[in-house]
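Have a look at the structure below before the remarks.
Numbers here are sequence positions counted from 1. Every heavy atom of this structure was used, including side-chain atoms; hydrogens, water molecules and symmetry mates were not. Just so you know, these numbers come straight off a predicted model, no measurement behind them.
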Amino acid sequence: MATSFFSSAPYIPPDAIFALTAEYLADPSPVKVNLGQGTYRDNNGQPWVLPSVQKARKILEEKGLLHEYLPILGLKGLRDRTSELVFGEGYGSVKDKLATSQAVSGTGSLHLAGSLLRGKLPKVYIPTPTWSNHNLVFASLGFEVIEFQYYNAETKALDIDTYLSTLRSAEPSSIIILHACAHNPTGLDPSQEQWKQIGNIIKEKSLFPLFDAAYLGFNSGDYDNDAWAIRYFVHDLGLESAICLSFAKNMGLYGERVGVLVVATSEPNVAKNTQSVLEKLQRSEISNPPAFGAKIAETVLSDEELKKAWFGDLKTMSGRIMEMRKGLFEGLNAHSSGTWTHLIEQSGMFGFLGLSRRVVKTLKEEYHIYMAENSRISIAGLNMSNVEYVAKSIGEVLAREK
């Protein structure tokens, strides 16, 4: 038998969250709960197509759907409207200093940013825990990945002291990965005062802030509030930054893979050159980005009535998640003796319960409740019909562990 060219390829286990979803789907139990994958669900546990998105889609259908290629950098209207949204009232002061490109959702935006910075800034500091793709993307691009502690498991809180200490000792001209809001997986974000401390050290140490901004508007229901740190770093501190945006969560465009990379540079001529590099990188990677979801997002952001309706949709989604977080908190207090204050101090789609892997395993095998091994749950997977069951089940398993 001839030797395969791929005989040296190692077996790599499936992505943990996607594998967990596959297990959930294969589970025949009539009572089961999926708290793994981070996708929004309505109170009936069903996917929700935002009303603003439905209206935008109808407008596009009435115009006639064309299937032509987009430009290499994607839709200019989408890039401009997204940048305007991110920087708010200060957009005019930075408009000419921005380099932008449409990207294949958040992952594509991160990869494009990494490709742009590769060779210039060799080290990237990534908080732990974090979204697994952060390490995958930057390690695959050849960066030296340095992890630092973000979460204190004992206090179940943000470890701000270690965070600031790491920044102070970081090598200048290194990248720092920052979750703009709704930190995945802990749900713990710095306060505005802590963001100021973080930003000032980053400026002092000549570090490069790279914002993963997948949840703007989805976190609190207020886009301006969720974009506060980005605006502070760029407007107030005058820092060059990369902002990696996705419309998967905040517009529910999961399968359309709509993302935008915005790079805030120091001056217009630098922005022009940077954008030309982005165009070359994009051409070599995907040639040009997908169109349909991008046209939906552009339509929503370009129509004042639709944009206003979208802001209402953001409040609907974030409000339901807040309600479910509170419901789980109250249920856990009723069915267990533990302290659960940390759950309501968190925000956004995810909750970090602080359960042992053994407890998580028992919940899956005996109660058909699926969550990540580190007990990160998608709050969106809870609804009025299952939140009590989840809280009671956790209480029962914890009581047996004593």
Hey, what do you get for [atom1] ([X]) to [atom2] ([Y]), rounding to the nearest 0.5 Å?
{"X": "Leu261", "Y": "Gln275", "atom1": "CG", "atom2": "CD", "value": "10.0 Å"}
{"X": "Thr186", "Y": "Asp159", "atom1": "OG1", "atom2": "CG", "value": "11.5 Å"}
{"X": "Ser206", "Y": "Glu240", "atom1": "OG", "atom2": "CD", "value": "11.0 Å"}
{"X": "Phe87", "Y": "Arg231", "atom1": "CZ", "atom2": "CZ", "value": "9.0 Å"}
{"X": "Leu210", "Y": "Phe138", "atom1": "CG", "atom2": "CZ", "value": "5.0 Å"}
{"X": "Ser302", "Y": "Leu78", "atom1": "OG", "atom2": "CG", "value": "8.0 Å"}

TODO: For the pair Thr130 and Thr128, evaluate side-chain contact (heavy atoms from CB on, under 4.5 Å) and give the outcome as yes or no after the intermediate values.
DONE: CA-CA 5 Å; Thr130 193; Thr128 182; 5.9 Å; no
Task: Sole residue of Glu388, Glu330, Lys392 in side chain to side chain donor-acceptor pair (under 3.5 Å) with His335 - done: Glu388
Open item on the list: Tell me every residue that passes side-chain contact (heavy atoms from CB on, under 4.5 Å) with Asn273, counting only those two or more places apart in sequence or in another chain.
Closed with: Asn269
Is it true that a side-chain atom of [X] and a backbone atom of [Y] form a donor plus acceptor pair closer than 3.5 Å?
{"X": "Gln54", "Y": "Val49", "value": "yes"}
{"X": "Asp303", "Y": "Glu305", "value": "yes"}
{"X": "Arg325", "Y": "Gly348", "value": "yes"}
{"X": "His342", "Y": "Leu353", "value": "yes"}

Task: Passing candidate, salt bridge (Lys or Arg N to Asp or Glu O under 4.0 Å) with Glu366, options Lys32, Lys361, Arg400 - done: Arg400
Over 12 foreign heavy atoms within 6.0 Å of [atom1], [X]:
{"X": "Glu61", "atom1": "CD", "answer": "yes"}
{"X": "Glu267", "atom1": "CD", "answer": "yes"}
{"X": "Tyr11", "atom1": "OH", "answer": "yes"}
{"X": "Phe18", "atom1": "CZ", "answer": "no"}
{"X": "Glu154", "atom1": "CD", "answer": "no"}
{"X": "Lys120", "atom1": "NZ", "answer": "yes"}

Task: Ion pair Arg81/Glu84, N-O distance below 4.0 Å - done: yes
Task: N-O pairing of Lys295 and Glu298 below 4.0 Å - done: no
Check [X] against [Y] and note the closest heavy-atom contact, atom names and distance.
{"X": "Ser284", "Y": "Leu281", "value": "OG-O, 2.8 Å"}
{"X": "Gln282", "Y": "Ser101", "value": "NE2-OG, 3.4 Å"}
{"X": "Ile243", "Y": "Ala213", "value": "CG2-CB, 4.0 Å"}
{"X": "Val360", "Y": "Glu373", "value": "CG2-O, 3.8 Å"}
{"X": "Leu158", "Y": "Pro190", "value": "CD2-CA, 3.8 Å"}
{"X": "Ala271", "Y": "Ala99", "value": "O-CB, 3.6 Å"}

Go through the structure and list residues passing salt bridge (charged side-chain N to carboxylate O under 4.0 Å, His left out) with [X], not counting sequence neighbours.
{"X": "Lys364", "result": "Glu23"}
{"X": "Lys203", "result": "none"}
{"X": "Glu304", "result": "Lys307"}
{"X": "Lys76", "result": "Asp80"}

TODO: Can you sort out the partners of Phe352 under ring pair (Phe, Tyr, Trp, His ring centres under 6.0 Å), two or more places apart, ordered by chain and number?
DONE: Tyr151
With the side chain counted from C-beta on, respond yes when [X] and [Y] share a heavy-atom pair under 4.5 Å apart, and no when they do not.
{"X": "Leu60", "Y": "Thr299", "result": "yes"}
{"X": "Leu75", "Y": "Leu70", "result": "yes"}
{"X": "Leu245", "Y": "Ser109", "result": "no"}
{"X": "Ile394", "Y": "Ser336", "result": "no"}
{"X": "Tyr125", "Y": "Ile175", "result": "no"}
{"X": "Leu328", "Y": "Leu332", "result": "yes"}
{"X": "Phe143", "Y": "Val137", "result": "no"}
{"X": "Val258", "Y": "Met251", "result": "no"}

Task: Among Phe350, Tyr150, Tyr215, the one residue meeting ring pair (Phe, Tyr, Trp, His ring centres under 6.0 Å) with His183 - done: Tyr150
- [ ] Go through Lys196 and Glu193 one step at a time and tell me if the salt bridge (charged side-chain N to carboxylate O under 4.0 Å, His left out) criterion holds.
- [x] CA-CA 5 Å; Lys196 289 179 181 179; Glu193 285 307 308; 3.4 Å; yes
Task: Derivation and outcome, side chain to side chain donor-acceptor pair (under 3.5 Å), residues Thr265 and Thr274 - done: CA-CA 8 Å; Thr265 73; Thr274 301; 5.6 Å; no
Under 3.5 Å, is there a donor-acceptor pair between the [X] and [Y] side chains?
{"X": "Ser385", "Y": "Asn383", "result": "yes"}
{"X": "Asn135", "Y": "Glu147", "result": "yes"}
{"X": "His179", "Y": "Asp189", "result": "no"}
{"X": "Tyr163", "Y": "Gln194", "result": "no"}
{"X": "Tyr370", "Y": "Asp27", "result": "yes"}

TODO: Step through it carefully: locate the ring centre of Phe233, locate the ring centre of Phe211, and say whether they are under 6.0 Å apart.
DONE: yes
- [ ] Walk me through it: do Glu256 and Phe247 pass the test side-chain contact (heavy atoms from CB on, under 4.5 Å)?
- [x] CA-CA 9 Å; Glu256 277 66 47; Phe247 288 96; over 6 Å; no
